[in-house]
Amino acid sequence: TVALMAVASGAITLLARTVLPVMAVSPADAAATATRKSLPYRNSRLLAVCAVTLIGVTAHFASYTFIVPIIRDIGLGGTKASWVLIGYGVAGLVALAIVARTMDHRLPAVLVAGLAVLCLAVSLLSSISLFGTDAAATIVGVGAIVVWGAAAAVVPPILQSAAIRTSPDGAELASALYVTAFQGGI
């Protein structure tokens, strides 16, 4: 099937090349694309944001892969686990609505707070799984999962804003490098 997909992709490419008209480039557009912009991989601040993104996304998705067993470890299962996951998602939506305006004005502080809350929530969940479950541990565990959802939803847009702000003249390239780091982390 991979070979069939490769052949089909090649055929579609050749068909598009023969059917689609050639696009003319105006002298103004040619001059605009010929100007030299700074390359994003030479921007150390952008590379630092992308490194944090790659590490953070990898850590988040490695942990999130096991969220259902984590929910079981805090003493919940079945439909109760579904409600905890809904709480995770709703907390993310609410957190984004709350943090959006603050993020524009205090980006570094919001980033540090978001990462700290994310680390605290996941650390709390790991300590609960070590010490067993009782009613209090279940309540604290559900709270930690909801807080995890809030922080996990807030951190990626903060990091993308930070990436774009490191390269005001090359926002598209900075965003592309950030997205590449994010996808690599997944």
Side-chain angles (χ1 to χ4, degrees), residues 9 13 23 25-68 70 84-129 140-141 143-186:
S9 296
T13 301
M23 295 181 64
V25 178
S26 70
D29 289 339
T33 58
T35 60
R36 182 96 171 128
K37 292 184 178 180
S38 62
L39 299 173
Y41 57 82
R42 292 186 179 163
N43 182 337
S44 61
R45 291 176 53 217
L46 175 60
L47 292 176
V49 170
C50 289
V52 168
T53 300
L54 179 67
I55 293 166
V57 170
T58 300
H60 167 71
F61 278 98
S63 302
Y64 188 78
T65 299
F66 300 102
I67 195 163
V68 172
I70 291 169
V84 173
L85 291 171
I86 289 170
Y88 178 101
V90 169
L93 290 172
V94 171
L96 279 170
I98 291 170
V99 172
R101 190 167 304 274
T102 307
M103 180 177 66
D104 287 338
H105 303 293
R106 294 188 174 90
L107 186 70
V110 175
L111 175 58
V112 169
L115 290 171
V117 168
L118 186 61
C119 290
L120 180 66
V122 174
S123 297
L124 186 59
L125 285 169
S126 21
S127 65
I128 289 172
S129 68
V140 171
I145 290 172
V146 169
V147 168
W148 177 12
V154 166
V155 169
I158 295 170
L159 287 168
Q160 184 156 24
S161 291
I164 291 170
R165 288 183 186 186
T166 64
S167 302
D169 294 336
E172 298 87 6
L173 295 174
S175 184
L177 194 60
Y178 166 82
V179 169
T180 301
F182 192 96
Q183 294 300 318
I186 292 174

Tyr64: what forms a ring-ring contact (aromatic ring centres under 6.0 Å, His included) with it, not counting sequence neighbours?
-> His60, Tyr88
Nearest 0.5 Å, what's the CG-OG distance between Leu125 and Ser63?
-> 9.0 Å
Can you list the residues that meet the side chain to side chain donor-acceptor pair (under 3.5 Å) rule with Ser175, with sequence neighbours excluded?
-> Gln160
Quick one: CG on Leu46 to CG on Leu173, what's the gap to the nearest 0.5 Å?
-> 9.5 Å
Point-to-point distance, once rounded to the nearest 0.5 Å, from CZ of Phe182 to CZ of Phe61 = 5.0 Å
Roughly how far, to the nearest 0.5 Å, is CD of Glu172 from CD1 of Ile164?
-> 9.0 Å
Is the closest side-chain heavy-atom distance between Tyr178 and Ser161 below 4.5 Å?
-> no
Any idea which heavy atoms bring Pro156 and Ala152 closest together, and the distance?
-> CD-O, 3.0 Å
Is there a donor-acceptor contact under 3.5 Å from the side chain of Ser167 to the main chain of Ala163?
-> no
Check the pair Val49, Thr53 against side chain to side chain contact (heavy atoms under 4.5 Å, CB included), reporting the backbone distance first and the verdict last.
-> CA-CA 6 Å; Val49 170; Thr53 300; 4.2 Å; yes
What's the spacing between Thr166 OG1 and Leu177 CG if we round to 0.5 Å?
-> 9.0 Å
Are any non-hydrogen side-chain atoms of Leu120 and Trp148 less than 4.5 angstrom apart?
-> no
Between Val154 and Ala95, which heavy-atom pair has the shortest distance, and what is it?
-> CG2-CB, 3.5 Å
What one should report as the nearest heavy-atom pair of Ala144 and Ala121 is O-CB, 3.5 Å
Atom OG in Ser123, atom CD1 in Ile128: separation rounded to 0.5 Å?
-> 11.0 Å
